[in-house]
Amino acid sequence: MSTLPPCPACGSEYTYEDGLMLVCPECAHEWSPGEATETAEETRVVRDANGNPLADGDTVIVVKDLKIKGSSSVVKVGTKVRNIRIVDGDHDIDCRIDGIGAMKLKSEFVKKDAG
């Protein structure tokens, strides 16, 4: 069993030493063993269309008409979405929109509500 730490970028446990560096064969990330590492979740910041950072529980406003896949419904510009959750993935906002239900949105199509 290897005593080397897992890769901080992808979490792979198949790391190996290459001279003074540690290397991950799965994502090719290299780091020094004494280096303070942060996980990808700690460094990831989700930003809205204007570049403002978003957090769980924020209220956002839709800045573009969004067609809903598999439906003839549309989320209109100016729709206010309360109590969002930040999640991993391409659609990084999980929310519930009044009259439509649970949805996932891309952060590039919303702006943080100032109020």
Side-chain angles (χ1 to χ4, degrees):
M1 188 71 174
S2 176
T3 59
L4 297 174
C7 175
C10 70
S12 171
E13 51 189 54
Y14 300 111
T15 57
Y16 63 90
E17 290 180 293
D18 185 20
L20 298 175
M21 301 294 283
L22 295 175
V23 180
C24 175
E26 293 183 12
C27 71
H29 179 71
E30 296 182 5
W31 72 101
S32 64
E35 179 180 303
T37 57
E38 296 179 355
T39 61
E41 292 92 31
E42 292 173 348
T43 60
R44 183 168 181 254
V45 177
V46 175
R47 298 188 179 274
D48 69 358
N50 296 330
N52 299 318
L54 296 173
D56 288 347
D58 282 348
T59 298
V60 296
I61 298 173
V62 177
V63 297
K64 178 182 176 185
D65 281 350
L66 302 173
K67 295 179 183 177
I68 300 173
K69 245 184 205 178
S71 173
S72 61
S73 300
V74 175
V75 178
K76 295 286 191 178
V77 171
T79 301
K80 189 177 277 194
V81 182
R82 293 178 177 83
N83 199 18
I84 65 168
R85 282 186 314 175
I86 305 300
V87 295
D88 289 332
D90 186 32
H91 292 72
D92 43 13
I93 296 175
D94 196 13
C95 62
R96 181 174 302 277
I97 299 176
D98 293 337
I100 296 173
M103 284 192 70
K104 290 188 179 247
L105 299 173
K106 290 186 177 184
S107 59
E108 63 194 76
F109 298 123
V110 299
K111 68 178 182 178
K112 193 170 186 175
D113 187 23

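Keep in mind that the numbers below use all heavy atoms, side chains included, and drop hydrogens, waters and symmetry copies. The residues of the chain are indexed from 1 along the displayed sequence.
Evaluation of the side chain to side chain donor-acceptor pair (under 3.5 Å) rule for Asn50 yields no partner, not counting sequence neighbours. Partners of Glu26 by side chain to side chain donor-acceptor pair (under 3.5 Å), not counting sequence neighbours, listed by chain and number: Ser12. Residues meeting the side chain to side chain donor-acceptor pair (under 3.5 Å) test with Thr79, sequence neighbours left out: none. Taking Asp65 as the reference, Val74, Lys76, Val77 meet the side-chain contact (heavy atoms from CB on, under 4.5 Å) condition, with sequence neighbours excluded. In this structure Arg82 satisfies the salt bridge (Lys or Arg N to Asp or Glu O under 4.0 Å) test with no other residue, sequence neighbours excluded. The salt bridge (Lys or Arg N to Asp or Glu O under 4.0 Å) test applied to Lys64 returns no partner, not counting sequence neighbours. Take Ser71 and apply the side-chain contact (heavy atoms from CB on, under 4.5 Å) test, not counting sequence neighbours, and it matches Ile68, Ser73.
With hydrogens and angles disregarded, a donor-acceptor distance shorter than 3.5 Å links the side chain of Asp48 to the backbone of Asn52. Put simply, the side chain of Asp92 never gets that close to the backbone of Gly89: no donor and acceptor are under 3.5 Å apart. In this structure, Thr15 contributes its side chain and Cys7 its backbone to no donor-acceptor pair below 3.5 Å.
For the side-chain hydrogen bond (donor to acceptor under 3.5 Å, both in side chains) condition, the pairs that include at least one residue of residues 94-105, sequence neighbours left out, are Arg85-Asp94.
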Which pairs of donor and acceptor atoms, one on a side chain in residues 108-115, lie under 3.5 Å apart (sequence neighbours left out)?
unit_1, atom_1, unit_2, atom_2, d
Lys112, NZ, Pro53, O, 3.3
Asp113, OD2, Lys80, NZ, 3.3

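Within the hydrophobic cluster formed by Ile, Leu, Val, Met, Phe, Trp and Tyr side chains joined at under 4.5 Å, directly or through other members, Ile61 stands alone, with no partner residue. Think of Tyr16 as one node in a network of Ile, Leu, Val, Met, Phe, Trp and Tyr side chains linked at under 4.5 Å; its network also takes in Val23.
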